[in-house]
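Structure, as structure tokens:
These numbers come from the heavy atoms of this one structure, side chains and all, not from hydrogens, waters or symmetry mates.
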Amino acid sequence: MGWTRERNHFVWLCILLISTEISHQWVEAQECVWYGECGESTDVPGKRYNCYYTGSPIPLPEEGHDLMMELCPGYNYGNDSLCCDVQQLQTLQRSLQLPLQFLSRCPSCFYNLMNLFCELTCSPHQSQFLKATKFSPYAQQNKTNVVAVEYYIGQTFANAMYNACKDVQAPSSNLKALSLLCGKDAKDCNATNWIQYMFDIRNGQTPFSIDPIFTDVPLANMTPMTNATHGCNESLDDGSGPCSCQDCTLMCGPQPVPPPLPPPWTILGLDAMVVIMWISYMAFLLVFVAGVLGSWCYRKRTVLSEYGPILDSNNIHSINSGTGDQGEATCCETLGERFENGLRLLFSQWGSFCVRYPLLVVLTSMVLVTACSAGLAYMRITTDPVELWSSPDSQARREKDYFDANFGPFFRTEQIILTTTLDSASIFSPYYGGPDVPFGPPLDKGVLHQVLDFQDDIANLKATYKNETVTLNDICLAPLAPYNNNCTILSVLNYFQNSHEVLDHWKGDFFYTYADYHSHFLYCVNAPASLNDTGPIHDPCLGTFGGPIFPWLVLGGYDGTNYNNATALVITFPVNNYHNDTEKLGKALAWEKEFINFVKNYNNPNLSISFNAERSIEDEINRESNSDISTIVVSYAIMFIYISLALGHINSLRRLLVDSKISLGIAGIIIVLSSVACSLGIFSYAGIPLTLIVIEVIPFLVLAVGVDNIFIIVQTYQRDERMPQEELHQQIGRILGDVAPSMFLSSFSETVAFFLGALSTMPAVRTFSLFAGLAVFIDFLLQISCFISLLGLDIKRQEANRLDIVCCVTLPEGQEDKTEGCLFHFFKKMYAPFVLKEWVRPIVVAVFVAMLSFSIAVTNKVEIGLDQKLSMPDDSYVLEYFKNLSAYLHTGPPVYFVVEDGHDYRTTEGQNSVCGGVGCNNNSLVQQVYTASLISNYTKIGFTPSSWLDDYFDWVKPQSSCCRYYNSTGAFCNASVVDPSCVHCRPLTPEGKLRPTGEDFMRFLPMFLSDNPNPKCGKGGHAAYSSAVVLTNKKTDVGATYFMTYHTILKNSPDFIDAMKMARELADNITHTMGPAGKGNRVFPYSVFYVFYEQYLTIAYDTAFNLGVSLAAIFVVTTVLLGFELWSAVLVSLTIAMILVNMFGVMWLWSISLNAVSLVNLVMSCGISVEFCSHIVRAFSVSTKSTRVERAEEALAHMGSSVFSGITLTKFGGILILALSKSQIFQIFYFRMYLAIVLLGATHGLIFLPVLLSYAGPSVNKAKVMAANKRFVGTERERLLNF
């Protein structure tokens, strides 16, 4: 019984203790830690401590209810008894403006953050999780300041809050918002250090120390704050939807994966084209060798040889076995002979007329040449790369014009890359803990001071233009003008306001450095848009021009995002561009010239400087052209001297000055140059501008064609003998009748081919083709008129024994025997018989088909593009800049996704298809560009786009202090203005919290675009977006807009081409998802380099088209002018096609890329190849020899020597001089390609084509044979028939 009584007493004691504890906890839970504000903080001037208070919560005054609902929506504390007053709520509102502007785009993130601060500031349960640990007296009101507290926070809550916010973007800065709010790069931020940073007194925002303690279980008699949170993919109770994919990866679905690269085309592990061509070549070789051996055995059995008489035929003109060949000529053969005879008679009569009336012909030619050449007075030379390489009708050109018309032309760029020669790398040890941070050599403070001096010197440069002084301020990009006229200078020194004093800012004591330029740099590279370094220094990071300085634009040579490891500094001066204002453009060019001269001559042994101005490339190309003039002059001089000397046929040393034809050679050269001048003049009359390619290439081309024709005319005369009773004009007329059809064939083929080449959409190719086609045809006309007259005069001089040049001096009469020229003798007696030997011909075919097979196999491996370094001279300062650009820079050119005029931003649907925040479509413009940036190695899109629309939505929110207007006037009221008449743009109602639509959208948008960022509102759109939005209809509607991001670093032509292709694919997909076609809301990407690299998207097609059209033209013209001999035209076209294919083989072997310059050369090579081939084929077609071998031998002997001396030797000497050029583009695209053109043309025309004709040449035209028998009686040609 006693035991029972004791047990009851114990139970009652336990119940009493438990009841007391519960009562104590309930009372404690209803106690505050503070209430109201007291004295000013000693650590953060301008901010105040809270007053220590341990009583019960106090009812919130009426005037604070709306503010409470704004800051802590959804909180319901029953009787509104709280541990804060209205003044504390107002302080909380001001303190949360920065997080509000950047995090409210994700409602659940901001809700969780407000939970953290509302519980801290006002919760009636404050004493459960908040403990005051340090106090100070506030004597004025006899109260106590709370100087330090411990805040117990649930680890689960902290993690959930961080997870909801970690992906939120800051659209204007292309960064994650936590980079601006965490004090470090977002990748290094986590739940713990983010909250620690926000509560750290050193951030300049927190007036007293708040020590966060993270725990999910009670600790030290404190219960952690573990309020419910919302994930970023969850909706809120107030109707706010989940965050967008851009701000919440949970809303995105699977991470995008770039498609795999197509595997290389291989067969048995080897390149497929190589294998295919190897097999094809071996199969051809097998069949060909079998055919040759079979033919040889057959001839042996029948005791028949191609070099012997035709079996059972005594007719020397018989070429086929059997007697059928002696039958009547076919209708086609007769037609061909009549056409050939008609041309012969026409040219014979014309030649005779020119020799009889030389003065009339020469004077008429001079008058016409002078009239045409007078057009050179209107000549314009285009050096603008856009005009050279981009068609006015091309997509890139149209898009560039649209961009320029709406947003202004892309600014001019003056850029400097600096490294230091000093070994000044250092280690920074943060005072407040954390690992040591290495700093690269150029980030040494001493080096930075030197760089700032250099930068200031440039900013203060003065140039002179038309007696006016031009400074950087006159031409620079100043986005906040006229409110802020500071020039945009993208430099790491702008983190320090371009000031030596700010760079030297330091906080510390005798023993420690708390903060200096190291800590400020580390803060700014993670928060470049920040207006206040939240460390002890409190300097802004925003540039003096009002915009952020992104670290990837001003630093180079770092790894990942470790900007502190930078080994190079990049300084960029954007300068306004003035396409249609020559006065302002002239000022910009004058300042750039001064900039170039200054930097070139700047000397600092501690700095290595490479640089480039907007005008640098054009200046260097012009300098290059001027420096190469001497090389070109020497090249042409060698060709002129050779032509003048080689035309003469010297029979003896005594008659050297009589038989030489120096004056005739000079006259021929003048005729060639006159044809070029006529072509340039005629098109100058028409207003078509010239290009440097036209000036550099066309003389070479016309000289090749013209000189070849000159040699053919002169050497044919030298080999001819005047018939009895034949006068000089008749002889020259007869000779011209023989050779002019061949000249007409080649010249007209080239002219038609070039004119058809003008169908190209590439301006440089089109212009070249027009000028070249007309120059070649005028050259032909002058040669068969003026040159023939001059030839007649020169022959009369020679027959009168008058000296060349000094024609008034006469040599005494003497008998001289006429001899064959050495070259003609070599070709006739040695070269032609050797090449056409029975055992040589198969070797020739095998070798040339092997060359063709190899070239086909590597054609698809020729690189496309033009390395910009090749356009510079070897000694250009720009080459070092290009080298450092690839070595150090991490970011490519900016790219703008332009939405054309017509998209409706005032509707929710229109907004959702573009924006990237909450409620926006997952396939909106911003979201698709953001997704593309996640696979930047594939898409070449490097960053999230800056979105004016999303920043505008954040700016206009009623909770924000950004959007306000004067209640009396309706004018915009900046956030920094303190005026009671300034009211929020939108009411704090459910409707007011929604995005603005309709008239509301347009009412406040102009205010946003005129608002300058300031410490109270970092979302002002003036600096970032004033040029990104075109307001139309008196600012009542939105026209064209753009959303900007950056490409990844692009180092070579394939990178640039891929970047443009991927951006266009992305823009097309955005256009498709934004609405049906034809709605006027097309999206296109624009970057400054697109207009130059677009040509490479279609360069393969353009090359095939131009060369194909040229070949087709040559085939048609050759068919007609050879007397409708279709097979002859096929053989000519086949040989030229082989030359062109082999050119691609040479391009691959010699690292010559395919671009507009090489395409012009390929088109030219097509024309020059006609010269190598057509004369040989026509000589073969008119030959009356017995067999194909004999006809090929005759054609090669007669025309081969002229072609060899006329083109090959003439060009070879001149081309070799081009190798001495300082210009890389001359060495590669002129020396190498010209040499290849001449060598391939000569070998195919003088080796392969005769062999091909000996095997597969057309049968003799019987009508031509009979006509030839009558025509050649009594001439040297009659003897040559049997040579």
Side-chain angles (χ1 to χ4, degrees), residues 261-262 264 384-391 394-397 400 612 617-618 620-621 624 691-693 760-765 768 858-873 876 878-879 881-883 885-887 889 892-893 895 937-940 1047-1065 1085-1107 1143-1163 1223-1233 1236:
L261 293 174
D384 183 357
V386 175
E387 297 293 334
L388 281 174
W389 309 121
S390 178
S391 167
S394 68
Q395 179 182 342
R397 188 72 172 276
K400 177 186 183 300
N612 179 63
I617 292 178
E618 193 169 334
E620 289 299 281
I621 289 175
E624 177 181 59
T691 65
L692 291 175
I693 288 183
S760 171
T761 59
M762 202 175 298
V765 177
F768 163 78
V858 301
T859 294
N860 65 332
K861 298 172 182 59
V862 174
E863 186 176 330
I864 290 175
L866 175 62
D867 187 347
Q868 53 190 353
K869 293 190 288 291
L870 296 180
S871 61
M872 296 294 99
S876 173
V878 181
L879 287 177
Y881 169 78
F882 285 151
K883 174 185 173 184
L885 196 69
S886 298
L889 263 64
V895 54
N937 287 341
Y938 174 69
T939 62
K940 308 297 182 184
H1047 282 300
T1048 55
I1049 187 66
L1050 309 174
K1051 297 185 177 182
N1052 49 43
S1053 290
D1055 285 347
F1056 283 97
I1057 296 167
D1058 288 345
M1060 180 171 55
K1061 286 170 61 177
M1062 295 309 302
R1064 284 187 171 179
E1065 287 182 18
Y1086 172 75
S1087 190
V1088 67
F1089 70 87
Y1090 287 1
V1091 74
F1092 306 113
Y1093 282 86
E1094 185 186 41
Q1095 58 175 303
Y1096 301 125
L1097 297 180
T1098 58
I1099 189 74
Y1101 167 81
D1102 290 340
T1103 302
F1105 173 79
N1106 279 279
L1107 299 183
M1143 280 296 299
F1144 283 99
V1146 171
M1147 288 171 67
W1148 181 80
L1149 284 172
W1150 228 339
S1151 301
I1152 304 172
S1153 57
L1154 179 60
N1155 49 56
V1157 179
S1158 52
L1159 176 54
V1160 167
N1161 286 336
L1162 287 171
V1163 172
S1223 165
Q1224 297 182 83
I1225 206 164
F1226 255 81
Q1227 293 172 6
I1228 294 173
F1229 293 102
Y1230 293 132
F1231 165 66
R1232 295 181 187 180
M1233 288 198 77

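Within a 6.0 Å radius of CD in Gln395, more than 12 heavy atoms belonging to other residues, nucleotides or ligands are found. Under a cut-off of 6.0 angstrom, the local environment of NZ in Lys883 is sparse, with at most 12 non-hydrogen atoms contributed by other residues, nucleotides or ligands.
Pro1054 places a side-chain heavy atom less than 4.5 Å from the side chain of Glu863. By the 4.5 Å heavy-atom criterion applied to side chains, Asp867 and Phe882 are not counted as neighbours.
Of the possible polar contacts, one joining the His1047 side chain to the Lys940 backbone as a donor-acceptor pair under 3.5 Å is found. Side-chain atoms of Glu620 do not come within 3.5 Å of backbone N or O of Ser876 as any donor-acceptor pair.
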Without placing hydrogens or testing angles, list every side-chain donor-acceptor pair under 3.5 Å for residues 1147-1156, not counting sequence neighbours.
from	atom 1	to	atom 2	distance (Å)
Ser1153	OG	Gly865	O	2.6
Ser1153	OG	Asn1155	ND2	3.1
Asn1155	OD1	Val1157	N	3.0
Asn1155	OD1	Ser1158	N	3.0
Asn1155	OD1	Ser1158	OG	3.4
Asn1155	ND2	Gly865	O	3.0

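Here the straight-line distance linking atom CD1 of Ile864 with atom CD1 of Ile1057 works out to 6.5 Å at 0.5 Å rounding. If you take CG on Leu866 and OH on Tyr1096, they are separated by 4.5 Å, rounding to the nearest 0.5 Å. Residue Leu1159 holds its CG atom at 6.5 Å from CG of Leu1107, rounded to the nearest 0.5 Å. Here the straight-line distance linking atom OH of Tyr1090 with atom CZ of Arg1064 works out to 8.0 Å at 0.5 Å rounding. Rounding to the nearest 0.5 Å places CG of Leu879 at 11.0 Å from CG of Asn612. Distance check, rounded to the nearest 0.5 Å: OG of Ser1053 to CD1 of Ile1099 gives 11.0 Å.
Applying the side chain to side chain contact (heavy atoms under 4.5 Å, CB included) criterion to Ile1049, with sequence neighbours excluded, gives Leu889, Lys1051.
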Problem - CA sep, side-chain torsions, deciding dist, call: Phe1144, Thr1103, side chain to side chain contact (heavy atoms under 4.5 Å, CB included) - result: CA-CA 11 Å; Phe1144 283 99; Thr1103 302; 3.7 Å; yes
Handout entry: Pair Glu1065-Met1062, side chain to side chain contact (heavy atoms under 4.5 Å, CB included): steps then yes or no
Key = CA-CA 5 Å; Glu1065 287 182 18; Met1062 295 309 302; 4.0 Å; yes
Exercise for the section: Please lay out, stage by stage, how Met1233 and Val1146 fare under the test side chain to side chain contact (heavy atoms under 4.5 Å, CB included). Expected result: CA-CA 8 Å; Met1233 288 198 77; Val1146 171; over 6 Å; no
Handout entry: Step-by-step side chain to side chain contact (heavy atoms under 4.5 Å, CB included) determination, Phe1229 to Val1160
Key = CA-CA 10 Å; Phe1229 293 102; Val1160 167; over 6 Å; no
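Taking every heavy atom of both residues into account, Gly1145 and Val858 meet most closely at CA-CG2, 3.8 Å.
A salt bridge (Lys or Arg N to Asp or Glu O under 4.0 Å) check over residues 1095-1104, counting only residues at least two apart or in different chains, returns nothing.
The aromatic rings of Tyr1101 and Phe1105 sit parallel to each other, their planes meeting at less than 30°, with 60° as the upper class boundary.
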